[in-house]
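Structure, as structure tokens:
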Amino acid sequence: MVAVTLPDGSVKAFEGVVTPLQVAEAIGPGLAKAAVAAKVNGRLVDLTYPITEDANVAIVTERDPEGLEVIRHSTAHLLAHAVKELYPEAQVTIGPVIENGFYYDFAFPRPFTPEDLERIEERMKALAAQQIPVVREEWDRDEAIRFFRDQGEYYKAEIIASIPEGETISLYRQGNFIDLCRGPHVPDTGKLKAFKLTKVAGAYWRGDARNEQLQRIYGTAWPDKKALNAYLKQLEEAEKRDHRRLGVQLDLFHFEDVAPGSVFWHPKGWRIFQKLINYMRERQLEAGYIEINTPDVMDRTLWERSGHWQNYHDHMFVTQTEDERVFALKPMNCPGACTWYKHGLHSYRDLPLRVAEFGKVHRYEPSGALHGLLRVRHFTQDDAHIFCTPEQMTAECAKVVRLILDIYREFGFEQVRIKLSTRPENRIGSDAVWDQLEAALADAVTGLGLEYELFPGEGAFYGPKLEFVLRDAIGRDWQCGTLQVDMNLPERFDIEYVAEDNSRRRPVMLHRALFGSLERFLGILIEHHAGALPLWLAPVQAVVLPISERHAEYAVSVQKQLRAAGLWCETDLRNEKITYKIREHSLQKVPYLLVVGDQEAASGQVAVRARGGVDLGAMPVAAFLARAQERIASRSTEC
RNA sequence: GCCGUUGUAGCUCAGCUGGUAGAGCAACUGAUUCGUAAUCAGUAGGUCGGCGGUUCGAGUCCGCCCAACGGCACCA
């Protein structure tokens with residue numbers, strides 16, 4: 001007798017050994033059909049897992065998040081199965097589940113083409129239709145290694161060899177395909193009903209660029225066709241808000257072959273850019289910062305002193321002048337800030353010294369890394385360096401974190417991932433100091449009731465860091481803000497302050513950026529709002545549209561009034577129908593369209609059409625202005 | 001940097017197996033003077049990403065380079 005306790009607390013008794021599938025069947029045929037795996041005493045197992053004694057059992061269906069993972073994992077196996085049938089010389093490696101799908105890496109003498117992908121997908125569908133049972137087998141470790149070696153599957157053999165002694169080696173067999181896997185898997189391939197291969201890419205074996213490159217095939221998988229289509233639709237929608245596409249459509253910026261990774265800002269894009277700077281400048285002044293500006297091009301000796309010449313040379317733009325001096329374009333602002341600090345004498349009374357700089361930095365990023373505004377070679381940081389005493393550090397960190405999150409909130413980013421990167425293997429400074437610095441950063445986050453993700457060993461050699469991560473339209477994460485503690489530069493530049501007892505002491509130096517890169521932040525903003533920026537950020541806030549030529553004069557007078565009041569307003573005096581103008585400026589996502597005809601001209605009014613086709617009716621110019629100004633002042637997202 | 005894909009007019013794209021480039025939108029000109037998402041007609045516009053090669057002949061085939069796109073690696 002085996003007593004099975006179900007999630008609702010009810011107990012079912014079975015004669016002898018029972019499987020989760022039998023349990024599901026005992027509950028109902030619908031559940032048995034939807035089942036893909038099960039949880040026995042909290043452990044995820046196959047539906048064929050033998051339950052030999054009393055246990056808590058939960059059936060996992062395709063609707064459960066864990067069930068979906070099983071489906072995706074099994075689909076990865078199906079992919080490998082199809083590839084091995086079509087291209088027996090391909091070697092299998094690994095095939096994990098990722099967000100929205102899976103991938104599988106193969107060693108194959110040539111790259112897979114898009115045509116190969118179609119063939120593979122067809123074969124996968126055929127294999128799924130055959131409803132091939134997926135069976136778990138437990139193997140002896142050495143036997144498994146020998147088995148895969150004999151099959152010419154050297155990568156697989158290597159993976160098994162790296163599994164610690166004593167762990168069970170489980171293989172899954174479906175038809176003539178057999179693969180190492182922890183499982184669990186769906187009971188048969190017929191459960192895999194909605195999948196699509198999406199892309200091929202090169203990927204390095206074990207993620208190391210020094211290793212050989214494998215062929216990675218990506219796919220997505222869902223419980224049913226409907227969910228798959230919904231996902232594909234969502235991808236399409238995300239593409240529409242891609243900032244690179246909107247940047248061109250809204251005439252904000254563009255790129256040129258002559259300057260890969262560097263932005264040509266158009267007037268409208270540049271206005272937004274300036275608004276961001278103005279905003280940040282205001283917030284920083286409020287928060288007790290001062291602002292400096294240091295040179296873009298500085299002598300090699302400075303970079304040798306900072307260590308960049310030795311450690312960052314590959315990423316630096318270097319230039320030589322007629323007099324044979326070697327200069328470098330700054331990749332970071334900190335050496336400039338240190339040089340500024342060192343220029344005068346600083347008292348402990350002056351600390352903390354919060355020194356901001358909107359620094360343009362140049363970094364020679366690898367060509368394959370470039371990505372619109374989100375990864376460029378030439379960008380502007382809202383950088384600042386805080387020089388303080390060790391005692392002040394914790395409080396300063398907390399202030400920075402609070403400021404960052406407050407500002408993100410004001411831009412509509414409520415959910416921000418925070419990463420804490422701690423001491424790497426190669427580092428300077430004692431463990432005691434690292435303890436203190438890491439604690440200061442961690443406390444700054446937890447003190448605000450927030451959580452962080454820990455990335456052990458990912459910190460810089462000179463200190464730990466916090467990173468603030470926002471997500472783009474198609475789910476890619478981008479680091480924006482950062483807060484780093486630096487034990488290196490104060491030393492290298494030998495900077496100091498005069499303490500109370502007249503001794504010279506070394507200040508702590510914090511690096512921080514809130515937007516991070518203005519280019520990147522603006523790119524994310526564009527995607528976040530799908531190009532329809534809130535009124536206060538919109539590069540064109542209103543356009544006056546005269547119905548016909550005889551209203552042009554009045555339209556211009558309205559524009560002048562609004563401009564004088566600080567609103568960026570334009571007129572469209574072209575000889576076009578009003579519907580045409582409305583369409584065009586709607587597509588440009590202008591917050592307010594002000595239609596003026598005989599009635600408005602006669603009464604000193606404007607007929608206001610707010611973004612999204614909302615008709616606010618006719619109102620006096622002053623009333624419209626008051627409305628707009630109120631929304632600008634409150635940084636409202638509504639028009 | 002590595003793997004793959006792509007590169008034709010300002011934009012979006014067509015151009016079969018090699019025979020000397022085409023559409024829509026935009027622009028310009030003219031007509032229309034219009035009340036909330038595209039008025040009509042006409043005109044002009046391209047060294048087909050760059051360089052080299054094969055060929056009687058290359059947008060089309062081959063090689064190298066550049067850039068973009070999707071990944072990987074990178075992002076002290």
Side-chain angles (χ1 to χ4, degrees), chain A residues 98 103 105 108 110-117 198-218 239 242 244-245 248-249 251 254-261 306-308 310-315 331-332 334 363-372 374-377 421 424 426-428 458-463 465 467 474 476 478-479 482 484 486 488 516-517 520 545-552 574-588 593-600 607-610 612-618:
Chain A
I98 52 173
Y103 67 77
D105 286 347
F108 196 52
R110 66 170 177 86
F112 289 114
T113 63
E115 293 73 43
D116 290 328
L117 235 59
T198 49
K199 52 202 172 199
V200 255
Y204 301 104
W205 168 238
R206 303 217 139 144
D208 191 329
R210 287 166 303 190
N211 290 342
E212 58 270 59
Q213 197 160 43
L214 307 171
Q215 300 298 321
R216 175 170 298 177
I217 298 179
Y218 283 91
E239 257 172 55
D242 189 312
R244 291 167 299 186
R245 187 178 160 134
V248 173
Q249 280 171 2
D251 195 19
H254 83 279
F255 290 90
E256 291 278 343
D257 286 5
V258 291
S306 70
H308 288 82
Q310 300 83 327
N311 296 308
Y312 204 67
H313 193 262
D314 288 353
H315 294 267
M332 297 181 198
C334 18
R363 296 182 186 174
Y364 186 76
E365 301 288 354
S367 55
L370 302 179
H371 184 97
L374 303 188
R375 188 81 184 267
V376 288
R377 284 183 174 156
S421 300
N426 291 322
R427 59 179 183 263
I428 58 170
E458 298 285 309
F461 73 90
Y462 53 74
K465 61 183 176 186
E467 294 176 331
I474 37 184
R476 285 177 290 218
W478 296 94
Q479 183 203 311
T482 166
Q484 309 188 11
D486 190 342
N488 183 47
S517 144
R520 174 178 292 178
L545 312 178
I547 299 270
S548 83
E549 259 165 40
R550 68 175 178 277
H551 311 116
R574 291 177 305 172
N575 180 9
E576 296 289 351
K577 288 175 71 168
I578 194 68
T579 50
Y580 180 89
K581 295 181 188 176
I582 285 176
R583 176 180 156 79
E584 277 219 338
H585 298 288
S586 296
L587 289 173
Q588 286 295 306
L593 302 184
L594 309 176
V595 177
V596 295
D598 289 336
Q599 294 159 36
E600 289 77 15
V608 184
R609 181 186 164 114
V614 183
D615 183 6
L616 298 178

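Each chain gets a letter, A, B and so on, in the order its sequence line appears, and its residues count up from 1.
Here A:Tyr580 lies in heavy-atom contact (under 4.0 Å) with sugar-phosphate atoms only. Using a 4.0 Å heavy-atom distance criterion, A:Ile582 is classed as a base contact. Among the heavy atoms of the strands lying under 4.0 Å from A:Glu576 is at least one base atom, whether or not backbone atoms are also near. If you check every strand for non-hydrogen atoms under 4.0 Å, A:Gln599 touches a base. As judged by a 4.0 angstrom heavy-atom cut-off over every strand, A:His585 is placed among residues making no nucleic acid contact. Residue A:Leu593 is classed as having no contact, given no heavy-atom separation below 4.0 Å to the nucleic acid. Across all strands shown, A:Gly613 has no heavy atoms under 4.0 Å from either base or sugar-phosphate atoms. In this structure, A:Arg363 reaches neither bases nor backbone, as no heavy-atom distance under 4.0 Å exists between it and the strands shown. Counting non-hydrogen atoms under 4.0 angstrom, A:Arg216 reaches the backbone sugars and phosphates but no base.
Across B:A67, B:A76, B:U33, the shortest atom-to-atom separation from the side chain of A:Asn311 is found for B:A76. With B:G70, B:C75, B:G1 as the candidates, the nucleotide lying closest to the side chain of A:Arg375 is B:C75. Ranking B:G35, B:A76, B:A68 by closeness to the A:Leu370 side chain, first place goes to B:A68. Checked against B:A37, B:A73, B:U36, the side chain of A:Ser586 finds its nearest nucleotide in B:A37. Counting only heavy atoms from C-beta on, A:Pro260 has its side chain closest to B:A68 among B:C34, B:A68, B:A38. Taking only side-chain atoms of A:His371, from C-beta outward, the nucleotide of B:U39, B:C74, B:G70 with the closest atom is B:G70. Proximity note for A:Lys199 (side chain, C-beta onward) versus B:G70, B:U39, B:G35: the nearest is B:G70.
Annotation: side chain of A:Asp598 is in contact with side chain of A:Arg550 (closest heavy-atom distance under 4.5 Å). Side-chain contact check for A:Leu594 versus A:Val608: some heavy-atom pair is nearer than 4.5 Å. At a threshold of 4.5 Å between non-hydrogen side-chain atoms, the residues A:Gln215 and A:Asp116 do not count as touching.
For A:Glu467 and A:Val608, each mapped to the nucleotide of RNA chain B holding its nearest heavy atom, the one lying further toward the 5' end belongs to A:Val608. Heavy-atom distances to RNA chain B give each of A:Asp598 and A:Asp257 a nearest nucleotide, and the one nearer the 5′ end belongs to A:Asp598.
Under 3.5 Å, the side chain of A:Tyr364 and the base of B:G1 form no donor-acceptor pair of N or O atoms. The base of B:A73 lies outside donor-acceptor range of the side chain of A:Arg206, with no N or O pair under 3.5 Å. Judged by distance alone with a 3.5 Å cut-off, a donor-acceptor contact links the side chain of A:Glu600 to the base of B:G35.
A donor-acceptor pair under 3.5 Å is absent between the side-chain atoms of A:Glu584 and the main chain of A:Lys581, judged by distance alone. With hydrogens and angles ignored, the 3.5 Å screen pairs no side-chain donor or acceptor of A:Gln588 with any backbone N or O of A:Arg583.
We find that A:Asp208 and A:Arg206 are not joined by a salt bridge, their nearest charged nitrogen and carboxylate oxygen being 4.0 Å or further apart.
Between A:Arg210 and B:A73, a side-chain N or O to OP1/OP2 separation shorter than 4.0 Å is absent. Under 4.0 angstrom from either OP1 or OP2 of B:U39 there lies at least one side-chain N or O belonging to A:Thr579. Between A:Tyr218 and the phosphate of B:C72, there is a side-chain N or O to OP1/OP2 separation shorter than 4.0 Å.
Using bins of under 30°, 30° to 60° and over 60° for the plane-to-plane angle, the ring pair A:Tyr312/A:His315 lands in the parallel bin.
At whole-Å resolution of the value, CG in A:Asp251 and C1' in B:A26 are 13 Å apart. Whole-Å rounding puts the A:Asp208 CG to B:G1 P distance at 19 Å. The nearest whole Å value for the distance from the CH2 atom in A:Trp205 to the P atom in B:C72 is 17 Å. A straight line from CG of A:Leu545 to C1' of B:U33 spans 15 Å, rounded to a whole angstrom. Rounded to whole angstrom, the span from the CG atom of A:Asn426 across to the C1' atom of B:A76 amounts to 11 Å. A:Arg574 places its CZ atom 16 Å from the C1' atom of B:U29, with the value rounded to the nearest Å. When the P atom of B:A38 is taken as reference, atom NZ of A:Lys577 falls 8 Å away, rounded to whole Å. When the C1' atom of B:G1 is taken as reference, atom CG of A:Asn211 falls 15 Å away, rounded to whole Å.
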Pairing pattern in dot-bracket form [Watson-Crick, G-U; both distances under 3.5 Å; | = partner strand] for RNA chain B
(((((((..((((.....[..)))).(((((.......))))).....(((((..]....))))))))))))....

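Comparing the same atom, P, in B:U17 and in B:U60 gives a spacing of 13 Å after rounding to whole Å. When the C1' atom is used for both B:C28 and B:G10, the distance is 13 Å, rounded to whole Å. Here, B:U43 and B:A9 have their C1' atoms 15 Å apart, quoted to the whole Å. B:G50 and B:A21 are spaced 16 Å apart, taking the P atom of each and rounding to whole Å. Rounded to whole Å, the separation between the P atoms of B:G7 and B:C13 comes to 10 Å. For the P atom pair drawn from B:C25 and B:U6, the interatomic distance equals 29 Å after rounding to whole Å. With both ends at atom C1', the span from B:G63 to B:U29 equals 47 Å, rounded to whole Å. Taking atom P in both B:C72 and B:C62, the straight-line distance is 30 Å, to the nearest Å.
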Table of protein N/O atoms under 3.5 Å from nucleotides 3-6 of chain B N/O atoms:
{"residue": "B:C3", "atom": "O4'", "partner": "A:Gln213", "partner atom": "OE1", "Å": "2.6"}
{"residue": "B:C3", "atom": "O2", "partner": "A:Gly202", "partner atom": "N", "Å": "3.4"}

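Not counting sequence neighbours, the partners of A:Phe108 by the ring pair (Phe, Tyr, Trp, His ring centres under 6.0 Å) test are A:Tyr87, A:Phe112.
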